[in-house]
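Down below is the structure, laid out as structure tokens.
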Amino acid sequence: MKKNKLTIIIPCYNEEEVLPISSQSIKEVLFELIDQKKISNQSCILFVDDGSTDSTWKLIESLNLEDPVHFTGIKFSRNFGHQNALIAGLTVATKNSDMLITIDADLQDDIQAIKQMVIEYYNGFDVVYGVRNNRDMDTFFKRKTANYFYTIMEKIGVKMVPNHADFRLMSQRATKTLLSFKEQNIFLRGLVPLVGYPSTEVYYSRNKRFAGDSKYPLKKMLAFALEGITSFSIMPIRLVRNLGIFTFLIGIIYTLNILFQHFSGNTVTGWASLTMSICILGGIQLVSLSIIGEYIGKIYSEVKHRPRFIIEKNLDNFTEEKYFEKNSTHED
């Protein structure tokens, strides 16, 4: 069996508390695969520092100095967001990697599932999704909202893998196809299934975050969900249209009722009905404008064609053959 190169991509934002532990744990899995001759000795871990304000980048540099063959990294000039960090890692690594795995630094995803992902790659699958087999670690609110989100996405026609985050393996050809999608508003959980190559799933139990804070509080989760919905469907605009038609019909019925009451002599002078009508219609108009504005904003960001990310520093020693020959401790 040909030993292909694996690159494990880890986006990092203020991960100084977890990085010393997670880097060594993932390195152990990497070395196990190398020793089992399932991947090339040139396989490595690529950290993407997404504009961290703590000592995350210093830790990445230290790891690279310690083992430049198996640890490397890139540093953004500022914070560009988790999805762009993943795209940057895929862009840099796909040039010389046969398979690429993305995983968060907090070790909530089971790193032992990486071994099964590699096996599935050799079974002929270009995309291997890491899927949670339960949500016991989540709060009741988070479980319910997650289920509602997947239901909504399915209803509006977006193909997604339920209970899958951004823990996945992709082949080089699948990654190159994904990178050919040039939109600025990135929602990878919806984009990856559009690639269409053979795919499968690996199930695992999600762990608790052992240190640091979650990078997805409620506000960011809601924004992320809105990004996913508006990036793949115009259903919200159609809902606005239907709401407008419904409100118009209610208005006609209400008008006929007023005329009937007027000619029956039952009208009572007052302001309650008028005020209520103004408030309801005004609220509907504002909500409608905000939804339409969300799409216009996306068009605005797309047509500017600004870069998804800017790399300030790149520890690219792992690409040099002389480094591999000099520092290698494992034999292919």
Side-chain angles (χ1 to χ4, degrees), residues 2-12 26-27 29-30 33-34 38-50 60 64 68-76 80-105 109 114 117-130 161 164-184 186-200 202 305 307-321 323-324 332:
K2 178 187 174 184
K3 294 183 285 296
N4 291 330
K5 179 177 179 181
L6 166 67
T7 298
I8 300 176
I9 300 164
I10 305 176
C12 304
I26 296 174
K27 182 180 178 180
V29 173
L30 189 75
L33 290 168
I34 292 174
K38 292 182 179 178
I39 59 175
S40 166
N41 188 33
Q42 300 178 59
S43 300
C44 65
I45 300 170
L46 170 63
F47 299 99
V48 182
D49 183 359
D50 185 20
I60 295 172
N64 177 255
V69 176
H70 301 107
F71 286 125
T72 187
I74 57 177
K75 182 180 186 297
F76 283 174
F80 283 88
H82 180 264
Q83 299 291 283
N84 283 317
L86 292 175
I87 287 290
L90 293 171
T91 301
V92 171
T94 193
K95 299 173 184 176
N96 56 9
S97 301
D98 300 290
M99 53 183 126
L100 305 94
I101 290 178
T102 56
I103 186 172
D104 290 338
D109 297 318
I114 291 174
M117 287 181 171
V118 172
I119 292 174
E120 296 298 342
Y121 167 82
Y122 285 115
N123 286 338
F125 293 101
D126 287 274
V127 182
V128 184
Y129 299 102
V161 179
H164 162 71
D166 288 301
F167 180 31
R168 68 179 73 88
L169 178 147
M170 298 183 68
S171 67
Q172 186 183 59
R173 73 164 181 167
T175 303
K176 287 182 176 180
T177 302
L178 174 67
L179 294 176
S180 68
F181 299 165
K182 298 301 182 182
E183 57 250 52
Q184 299 290 318
I186 304 170
F187 185 70
L188 287 174
R189 300 179 198 184
L191 280 178
V192 173
L194 294 180
V195 170
Y197 292 126
S199 65
T200 188
V202 169
H305 297 297
R308 291 170 170 170
F309 52 85
I310 298 172
I311 297 176
E312 180 182 343
K313 295 180 181 179
N314 188 346
L315 306 176
D316 59 355
N317 290 334
F318 77 114
T319 62
E320 299 292 337
E321 192 68 28
Y323 256 88
F324 172 71
D332 277 346

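Source: prediction; values computed, not measured.
In plain terms, the two heavy atoms of I9 and A93 that are nearest each other are CD1-CB, 4.2 Å. When all heavy atoms are compared, the tightest approach of G89 to I74 is N-CD1, 4.4 Å. Across all non-hydrogen atoms, the minimal contact from L100 to S97 is CG-CB, 4.1 Å. For R189 against H164, the heavy-atom pair with the smallest separation is CD-O, 3.6 Å. The minimum heavy-atom distance between D50 and H82, with the atom names listed, is OD2-N, 3.7 Å. Shortest non-hydrogen contact noted between L178 and L188 is CD2-CD2, 4.0 Å.
Between the S43 side chain and the L6 main chain, a donor and an acceptor come within less than 3.5 Å of each other. Not one N or O on the side chain of T94 forms a donor-acceptor pair closer than 3.5 Å with the backbone of T91. A donor-acceptor pair is defined here as one N or O able to donate and one able to accept, closer than 3.5 Å; no such pair exists between the side chain of H70 and the backbone of C44. Side-chain N or O atoms of D109 include none that pairs as donor or acceptor with a backbone N or O of I103 at under 3.5 Å.
Side-chain contact check for F47 versus K75: every heavy-atom pair is 4.5 Å or farther apart. Taking the side chain as every heavy atom from C-beta outward, I114 and L33 approach each other to under 4.5 Å. Contact check for I8 versus L30: side-chain heavy atoms found under the 4.5 Å cut-off. Between V202 and Y129, the closest side-chain pair of non-hydrogen atoms is not below 4.5 Å. Contact of the Q42 side chain with the V69 side chain is not registered, since no non-hydrogen atoms from C-beta on lie closer than 4.5 Å. Side-chain contact between R168 and V128: absent, with no pair of heavy atoms (C-beta onward) separated by less than 4.5 Å.
Screening L46, I60, I26 for a side chain to side chain contact (heavy atoms under 4.5 Å, CB included) with I10, the sole residue that qualifies is I26.
Applying the salt bridge (Lys or Arg N to Asp or Glu O under 4.0 Å) rule to pairs touching residues 82-97 yields nothing, sequence neighbours excluded.
Applying the salt bridge (Lys or Arg N to Asp or Glu O under 4.0 Å) test to R308 and every residue at least two apart in sequence or in another chain returns nothing. Remark: Y121 pairs with no residue by the ring-ring contact (aromatic ring centres under 6.0 Å, His included) rule, at least two apart or across chains. Partners of D126 according to the side chain to side chain contact (heavy atoms under 4.5 Å, CB included) rule, which considers only residues two or more places apart in sequence or in another chain, are S171, R173, A174, Y197, P198. In this view, F309 and F76 satisfy the ring-ring contact (aromatic ring centres under 6.0 Å, His included) rule, not counting sequence neighbours. T102 pairs by the side chain to side chain donor-acceptor pair (under 3.5 Å) definition with nothing, not counting sequence neighbours.
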Could you check I310 against F80 for side chain to side chain contact (heavy atoms under 4.5 Å, CB included), going step by step and ending with a plain yes or no? CA-CA 8 Å; I310 298 172; F80 283 88; 3.8 Å; yes

Take D166 and Q83, measure what side-chain hydrogen bond (donor to acceptor under 3.5 Å, both in side chains) needs, and give me the verdict at the end. CA-CA 9 Å; D166 288 301; Q83 299 291 283; 3.2 Å; yes

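Note: E120 CD to L169 CG = 10.0 Å, rounded to the nearest 0.5 Å. Taking CD1 of I101 as the start and CE of M99 as the end, the distance is 7.5 Å to the nearest 0.5 Å. Separating the CD1 atom in I311 from the CG atom in D49 is a distance of 11.5 Å, to the nearest 0.5 Å. F125 contributes atom CZ, which lies 13.0 Å from atom CE of M117 (distance to the nearest 0.5 angstrom).
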